[in-house]
Amino acid sequence: REVMILQELEHEHNPNCVKLLNVIKAENNKDLYLIFDYMESDLHAVIRANILLDVHKVYIIYQILKSLFYLHTAEIIHRDLKPSNILIDSECFVKLADFGLARSVLSYDDETAPVPVMTEYVATRWYRAPEIVLGSSQYSKAVDMWSVGCILGELIIGKSIFPGKSTVNQIELIIDLLGKPKQEDLEQIGGAIDSNTINSMSGKQKYTFSTFFKGASPDAISFLKRCLEVDPNARASADQLLRHPFVRSAPPVRSLVPVVRKIHGLPELPPDAVPANDRPVVRGQAPMAPARSPTRGSPKRGGEWQPLA
C-alpha cells in the first residue's frame, strides 16, 4: 500500500512529500528496497539541537499543511505524523516521509459502501489523536491535524507535549492541558474506553495554553487550539489552517490552493477565500519574501528577509 500511494503522488504539485525514486526487489523475492530523495536530517533531531528561529517554525508548519492539504484532497490520511517522519534539509525545506500507515478514506463519501474499520495501533502514542487513544475504530483526516498541533507544540517548547508512558497516562496528560472531555465529545468519538473510565479519573485541567506554551505568540496559541480539539469534528482542516494568521507570514497559500483544486476537479474558490497577497508578509513590515537559493525558496538559518525583485 505504501508503494502504491507513493507512486501516485504528483511531486510537481506536492514537493513536500518524499519522492519514491525506485523500487528494488530483493533476491529472496520477499523484501523490497525503496529508494527516496536524500534529505539531510529530520525534525526530531533539529528540535533537539535547538537551532530553529520562530520564522523557521512557521515555515515548517506551513509546508506540513501544504502537503496535508494535497493528501487530504486526495482522501489520503498519513496516520503517523511525528517529527522523526518529517525530513528537513539545511534550507528548512520539509518533506513528509514514512507512508507505511497511510491509507485512503475515499469510501467514506459513498453512503452505500461499508465504513472501513481502522486500527487503533497507528501513530506513535505521543502524537495520537484522542479518538485513536480511546480505541475508536472509525476516524478521519482530523487525526493528522491533531498531530500537527502536537508537532507545533513541540517546536515551541522543545519537547513532546504529551509524552504518555501508557494509554491511560496519555489520556491523563491530555486532560492536564485540555480538561476532561465533555460527555457529548466522548459520545461523538466512541471507542473501546467508555466515558465512565474517563470520568473516574481524578485528573483535572492543570494548565492553560498560555502557561504551558510559554513565549508562544497569540497567533500560535490560537493555531494550537484549533488543532488540539478533543472533538474531531471541531478540529480545523489543513485548508482552514492554511488561512490562519499564524501561517500568513509564510509563502503564499494562493500558489497552492487553486492548483490542488484544479487537479481534483473542484470549482475555483472566490477571491476572498484565500489570502489576497501574493507575497508573504512579516508583521509590521512591507510584503517581503524569504531569501532564495537557486533551486528553491526558504528562509535560511540566520538569514534576512529580502524584498521580491
Are any non-hydrogen side-chain atoms of L32 and I24 less than 4.5 angstrom apart?
no
Pairs flagged by ring pair (Phe, Tyr, Trp, His ring centres under 6.0 Å) wherever residues 149-176 is involved - sequence neighbours left out
W146-F162
With sequence neighbours left out, which residue pairs that include part of residues 133-153 fulfil the salt bridge (Lys or Arg N to Asp or Glu O under 4.0 Å) condition?
E75-K141
Against H78, only a single residue in Y127, F99, Y70 fulfils ring-ring contact (aromatic ring centres under 6.0 Å, His included); can you say which?
F99
Excluding sequence neighbours, so at least two apart, what forms ring pair (Phe, Tyr, Trp, His ring centres under 6.0 Å) with F209?
F213
Begin from the C-alpha positions of I60 and V46 and carry the test side-chain contact (heavy atoms from CB on, under 4.5 Å) through to its verdict.
CA-CA 11 Å; I60 288 167; V46 171; 5.7 Å; no
Could you report the tightest heavy-atom contact between L228 and C150, atom names first, then the distance?
CD2-N, 4.1 Å
Side-chain (E40) to main-chain (D89) donor-acceptor, under 3.5 angstrom
no
Looking only at heavy atoms, what is the nearest atom pair of A220 and I156, with distance?
CB-CD1, 4.2 Å
List for me each residue that meets side chain to side chain donor-acceptor pair (under 3.5 Å) alongside N233, sequence neighbours excluded, and say none if there are none.
none
Look at the side chain of Q205 and the backbone N and O of I175, then say whether any donor-acceptor pair between them is shorter than 3.5 Å.
no
In chain order, what residues pass the salt bridge (Lys or Arg N to Asp or Glu O under 4.0 Å) check against E154, with sequence neighbours excluded?
R48
Please name the pair of heavy atoms, one in P83 and one in D42, separated by the smallest distance, quoted to 0.1 Å.
O-CB, 4.0 Å
Straight-line distance of S147 OG to D80 CG, nearest 0.5 Å:
8.0 Å
Backbone N or O of Q63 within a donor-acceptor pair of the S67 side chain at under 3.5 Å?
no
Which heavy atom in P130 sits nearest to a heavy atom in V230, and how many Å separate them?
CG-CA, 4.2 Å
Using modelled atom types only, decide if a donor and an acceptor are shared between the side chain of K57 and the backbone of L155 within a distance under 3.5 Å.
yes
Going hydrophobic residue to hydrophobic residue with side-chain gaps under 4.5 angstrom, can you get from L152 over to I51?
yes
Using modelled atom types only, decide if a donor and an acceptor are shared between the side chain of D37 and the backbone of K19 within a distance under 3.5 Å.
yes
How close do I221 and A216 get, counting heavy atoms only, and between which atoms?
CD1-CB, 3.8 Å
Taking the six-membered ring for Trp, are Y62 and Y59 parallel (under 30°), tilted (30 to 60°) or perpendicular (over 60°)?
parallel
Min side-chain heavy-atom separation D31-N28 under 4.5 Å:
yes
Between the CG atom in L43 and the NE2 atom in H56, the distance rounded to the nearest 0.5 Å is 12.5 Å
Is there a path of hydrophobic side-chain contacts, each under 4.5 Å between heavy atoms, that joins V18 and V23?
yes
Test log, rule side-chain contact (heavy atoms from CB on, under 4.5 Å), inputs V55 and V58
CA-CA 5 Å; V55 67; V58 174; 5.7 Å; no
Apply side-chain contact (heavy atoms from CB on, under 4.5 Å) to M145 and L68, showing your working.
CA-CA 9 Å; M145 307 318 300; L68 285 179; 4.2 Å; yes
Short N-O contact, E131 and R235, less than 4.0 angstrom
yes
Side chain of N50, backbone of G158: donor and acceptor closer than 3.5 Å?
no
Can you name the closest pair of heavy atoms from H244 and S222 and give their distance?
NE2-OG, 3.0 Å
Are P163 and L173 side-chain neighbours, meaning at least one heavy-atom pair lies under 4.5 Å?
yes
Is there a side-chain contact (heavy atoms from CB on, under 4.5 Å) between Q170 and L134 once you walk through the steps?
CA-CA 10 Å; Q170 189 71 22; L134 294 174; over 6 Å; no
Hey, are the side chains of F93 and P15 touching, using non-hydrogen atoms and a 4.5 Å cut-off?
yes
Looking only at atom types and distance, does a side-chain atom of D239 sit under 3.5 Å from a main-chain N or O of L242, one as donor and one as acceptor?
no
If you define the side chain from C-beta out and look only at heavy atoms, does anything of N22 sit under 4.5 Å from Y33?
no
Please answer: with hydrophobic residues joined when any side-chain heavy atoms are less than 4.5 Å apart, are L224 and Y207 in the same cluster?
yes
N169 side chain vs K165 backbone, donor-acceptor pair below 3.5 Å
yes
So how far is it from K82 NZ to R128 CZ, rounded to the nearest 0.5 Å?
10.0 Å
Let me confirm one number: the NZ-CG distance from K225 to L177, rounded to the nearest 0.5 Å.
10.0 Å
Would you say V3 ends up clustered with L21 if hydrophobic residues are merged whenever their side chains have heavy atoms under 4.5 Å apart, either directly or through other cluster members?
no
To the nearest 0.5 Å, atom CG of L241 lies from atom CZ of R226 at 6.0 Å
L101 backbone acceptor or donor facing R79 side chain under 3.5 Å
yes
Set of side chain to side chain donor-acceptor pair (under 3.5 Å) partners for T208, sequence neighbours left out
T211
Do the side chain of N16 and the main chain of V94 share a donor and acceptor less than 3.5 angstrom apart?
yes
Within a strict 4.5 Å, meaning less than it, do heavy atoms of the L96 and I64 side chains meet?
yes
Spatial distance of atom CD1 (I76) from atom NE2 (H72) [nearest 0.5 Å]:
9.5 Å
Same apolar cluster: V168 and I161, side chain cutoff 4.5 Å:
yes
